[in-house]
Amino acid sequence: MAYNRLPSSGHNSPSPPQSPLRSPTRLRPGSRSSKSGRFTQPPRTLPQRLTGILLSVLLRRQGIFLFAPLLYISGMLFYMGTVSFDVVPVINHRPAVGSVYRSPQLYAKLRPEMDADNSSTDAILTIWKHPKGAEWRPCLSNSSKGLPESNGYLYVEANGGLNQQRASICNAVAVAGYLNATLVIPNFHFHSIWRDPSKFQEIYDEDFFVSTLKNDVRIVNTIPEYIMERFDHNMSNVYNFRVKAWSPIDHYKDVVLPKLLEEKVIRISPFANRLSFDAPPTVQRLRCLANYEALRFSNPVLTMGETLVARMKGRSANNSGKYVSVHLRFEEDMVAFSCCIFDGGVKEKEDMDAARERGWKGKFTKRGKVIRPGAIRLNGKCPLTPLEVGLMLRGMGFDKSTFIFLASGKIYDADRNMAPLLEMFPLLQTKEMLASQEELAPFKNYSSRMAAIDYTVCLHSEVFVTTQGGNFPHFLLGHRRYLYGGHSQTIRPDKRKLALLFDSPNMGWKSFRRQMLNMRAHSDSKGIELKRPNDSIYSFPCPDCMCHANKAEDSRSSSAT
């Protein structure tokens, strides 16, 4: 018996028998040997042999199944020849439609058809359609009752620009009347943006203001000496209320009035937007009376404004003296504050960064602050450029013969940005074009007085166009309703829709014009609107400051009988 001679773990066992080198031949049914007559396997084709070899390899190396999908995909890509393995594919994401300023490209495409379009008459002669039976009339009346003894003096400090200060004045009149307080002529803060040191009497007719309200609110220039002696003649020693924005009138009755009765003089600073728009009729009436009747610009400002109105009507005599006024907010500070991107390239970015730092000292560069210009444009928050204003108005049917008054500060990069607007409306005018330098000299360095002149010319235009919002157009919206039977005669464009339309390179002129005419019609239908509880009474004077025309006539006829 043979023993294993190799060292082992201590056990001696016989070697296992060798495995056969070949497995017995397996016969397939239907195959027959040519000699013995037994069934034999027929010869295999080349594909069958390759498949057999591949299967035998896979069966012996089962782990290769893990790579089978990868091998399959690689083989397919290699076979199709669609991918080069030494190049990384790049995926380009197209910005959302309307998120990028592309209006110049649209203007270039539409201009030939626009200039050749003579399909209709100038829209200024046929623009407004007043609904029958919906006309309103002012119905404010001065009180004929005497005023009771005053509860003390109310001193407010108005902040902001011209029309933010205007809101403060009207709200102060309403609060003073409600508390039976004597109102001291409001003091104006010097604003870092407006930089106008003008006093009340330099912008408004102070005597007219006092006399118009004399039966409703006592108004004085100064606080009596015997009261100020208690405070060392220093207004900063007077108790100052920090009233929250949009406070209800009851807050003044419950919190402010007791202190007024105790001290006989109180101060509220700042006072912009410190009274809710949802107020009782007695408060609303005082606001209306102050805004629409008592506040009249000072004689120099009013005279200059009315002179420019007369000149605009004279120049547009061919259109029955009708002209369009546009409030264009495309000054450097507005463009910077909006954080929108236009087509000024590197220079524009440098200019806007510098303007933001000058005006807002790091507000836009705080850690974590994210600015998305594309989203701002899609939300309709970007100021319309002069080019976009021109395109919109031409689409609405105003032609080259239309006289336009442009109310604006200094336009950013005016030489470049104003060129397309002047191409579309060559008769455009500004106060600097209508008046000589000598005429404007008394107002030139006072932004609020210059804005008051613009306000006057816009107030008396046939059409007013607002492009960016703010206090200026909101006050004009209401003031024009007060003057024009409840209809604002104002175009308020849908800037979200405009952002999409201005980014439509395939749009033709007829399609664009149809969209603009629909937008114009929407502004007309929204011309007469009633105030809802939280709406501004300075934009929506109906029904608090105005009466329905037939109701006003009925009330007058009944009182006469």
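Side chains included, hydrogens not; waters and symmetry mates left out as well; all remaining heavy atoms used.
Annotation: the span from K431 atom NZ to T456 atom OG1 amounts to 11.0 Å, rounded to 0.5 Å. Note that the CG atom of L483 and the OG atom of S488 stand 12.0 Å from one another [nearest 0.5 Å]. For the atom pair M433 CE and R311 CZ, the distance stands at 13.5 Å (nearest 0.5 Å). Atom NZ in K495 sits 8.0 Å away from atom OG1 in T466 (nearest 0.5 Å). In this structure, CE in M519 is found 9.0 Å from NE2 in H522, a value given to the nearest 0.5 Å. Note that the CZ atom of R296 and the CG atom of L302 stand 7.0 Å from one another [nearest 0.5 Å].
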Would Y538 and N171 satisfy side chain to side chain contact (heavy atoms under 4.5 Å, CB included), going step by step from the backbone distance to the final call?
CA-CA 11 Å; Y538 307 121; N171 290 343; 2.6 Å; yes
Give the C-alpha distance, both sets of side-chain angles, the deciding distance and a yes or no for side chain to side chain contact (heavy atoms under 4.5 Å, CB included) between L106 and L110.
CA-CA 6 Å; L106 181 64; L110 296 182; 3.8 Å; yes
Can you list the steps and then say if V173 with R287 is a side chain to side chain contact (heavy atoms under 4.5 Å, CB included)?
CA-CA 7 Å; V173 168; R287 279 170 147 170; over 6 Å; no
What verdict does the side chain to side chain contact (heavy atoms under 4.5 Å, CB included) test give for L427 and T402, after you've listed the backbone C-alpha separation in whole Å, the side-chain angles of each residue and the deciding distance to 0.1 Å?
CA-CA 7 Å; L427 302 180; T402 305; over 6 Å; no
Go through it in stages, so that I can follow the logic: the residues are W136 and Y482, the test is ring pair (Phe, Tyr, Trp, His ring centres under 6.0 Å), and I'd like the CA-CA distance, side-chain angles, deciding distance and then a yes or no.
CA-CA 8 Å; W136 293 74; Y482 191 78; over 10 Å; no
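Side chains of C340 and V335 form no contact here, defined as non-hydrogen atoms less than 4.5 Å apart. Between D205 and L295, every side-chain heavy-atom pair lies at or beyond the 4.5 Å cut-off. Between L501 and M516 there is a side-chain heavy-atom pair separated by less than 4.5 Å. Side-chain contact check for Y323 versus K313: some heavy-atom pair is nearer than 4.5 Å. A 4.5 Å side-chain heavy-atom check between I169 and P186 finds at least one atom pair inside the cut-off. Considering only heavy atoms from C-beta on, L498 stays 4.5 Å or farther from E388 through its side chain. The shortest side-chain heavy-atom distance between H327 and S408 does not fall under the 4.5 Å cut-off. Proximity of L477 to R492: side-chain heavy atoms (C-beta onward) are separated by under 4.5 Å at one or more points.
Aromatic ring pairs are classed by plane angle as parallel below 30°, tilted from 30° to 60° and perpendicular above 60°; the pair W360 and F364 is perpendicular.
Looking at T467 and R329, their side chains never bring a donor and an acceptor atom within 3.5 Å of each other. With hydrogens and angles left out, the side-chain atoms of Y155 and N240 include no donor and acceptor closer than 3.5 Å.
In plain terms, the two heavy atoms of L476 and C458 that are nearest each other are CD1-CB, 3.6 Å. When all heavy atoms of R274 and K244 are compared, the pair lying nearest together is CD-O, 3.5 Å. Looking at every heavy atom in both residues, Q284 comes nearest to A279 through CG-O, 3.5 Å. Taking each heavy atom of Y101 and I341 in turn, the nearest pair found is CB-O, 3.7 Å. Here the shortest heavy-atom pairing between M424 and L387 reads CE-O, 3.5 Å. Nearest heavy atoms, Q164 versus A272: NE2-CB, 3.4 Å.
Residues satisfying the disulfide bond (SG atoms under 2.5 Å apart) criterion with C288, sequence neighbours excluded, are C545. Applying the disulfide bond (SG atoms under 2.5 Å apart) criterion to C542, with sequence neighbours excluded, gives no partner residue.
Under a cut-off of 6.0 angstrom, the local environment of NE2 in H251 is crowded, with over 12 non-hydrogen atoms contributed by other residues, nucleotides or ligands. For K381, the NZ atom is loosely surrounded, since the number of other residues' heavy atoms within 6.0 Å does not exceed 12.
Of the candidates R480, Q489, K322, R480 is the only one forming a side-chain hydrogen bond (donor to acceptor under 3.5 Å, both in side chains) with S461.
Judged purely by atom type and a 3.5 angstrom limit, S99 uses its side chain to pair as donor or acceptor with the backbone of A96. Of the possible donor and acceptor atoms, none in the side chain of D351 sits under 3.5 Å from a partner among the backbone N and O of E348. The main-chain N or O of E202 is found under 3.5 Å from a side-chain atom of S298 such that the two form a donor-acceptor pair. E331 places no side-chain N or O within donor-acceptor distance of the main-chain N or O of I411, the cut-off being under 3.5 Å. Side-chain atoms of S504 come within 3.5 Å of backbone N or O of L500 as a donor-acceptor pair. Remark: side-chain polar atoms of S247 are not paired, donor with acceptor, to backbone N or O of V243 under 3.5 angstrom. In this structure a side-chain-to-backbone donor-acceptor pair under 3.5 Å is missing from N319 to G321. R481 contributes a side-chain N or O that, together with a main-chain N or O of S539, makes up a donor-acceptor pair within less than 3.5 Å. In this structure a side-chain-to-backbone donor-acceptor pair under 3.5 Å is missing from N163 to R166. Remark: side-chain polar atoms of D503 are paired, donor with acceptor, to backbone N or O of G98 under 3.5 angstrom.
Note: W128 and Y484 fail the aromatic proximity criterion, with ring centroids not under 6.0 Å apart. Between F342 and F330, the gap from one ring centroid to the other is short of 6.0 Å. Remark: aromatic rings of Y204 and F209 are distant, center separation not under 6.0 Å.
Within the structure, side-chain hydrogen bond (donor to acceptor under 3.5 Å, both in side chains) pairs that include any residue of residues 414-428 comprise Y107-E423, R111-E423, D343-R416, D413-R416 (at least two apart or interchain). Sorted by first and then second residue, the ring pair (Phe, Tyr, Trp, His ring centres under 6.0 Å) pairs involving residues 408-458 (not counting sequence neighbours) are F297-Y455, Y455-F472, Y455-H479. For the ring pair (Phe, Tyr, Trp, His ring centres under 6.0 Å) condition, no pair includes a residue of residues 373-407, sequence neighbours left out.
Between E157 and R267, at least one side-chain N (NZ, or NE/NH1/NH2) sits under 4.0 Å from a carboxylate O, which counts as a salt bridge. A salt bridge does not link R394 with D399: every distance from a Lys NZ or Arg NE/NH1/NH2 to an Asp or Glu carboxylate oxygen is 4.0 Å or more. Checked for salt-bridge contact, K444 and E439 miss the test: no charged N lies under 4.0 Å from a carboxylate O. R520 and D524 are not joined by a salt bridge, as no carboxylate oxygen comes within less than 4.0 angstrom of a charged side-chain nitrogen.
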For residues 505-512, which side-chain donor-acceptor pairs fall under 3.5 Å, sequence neighbours excluded?
from, atom 1, to, atom 2, distance (Å)
W509, NE1, D117, OD2, 2.9

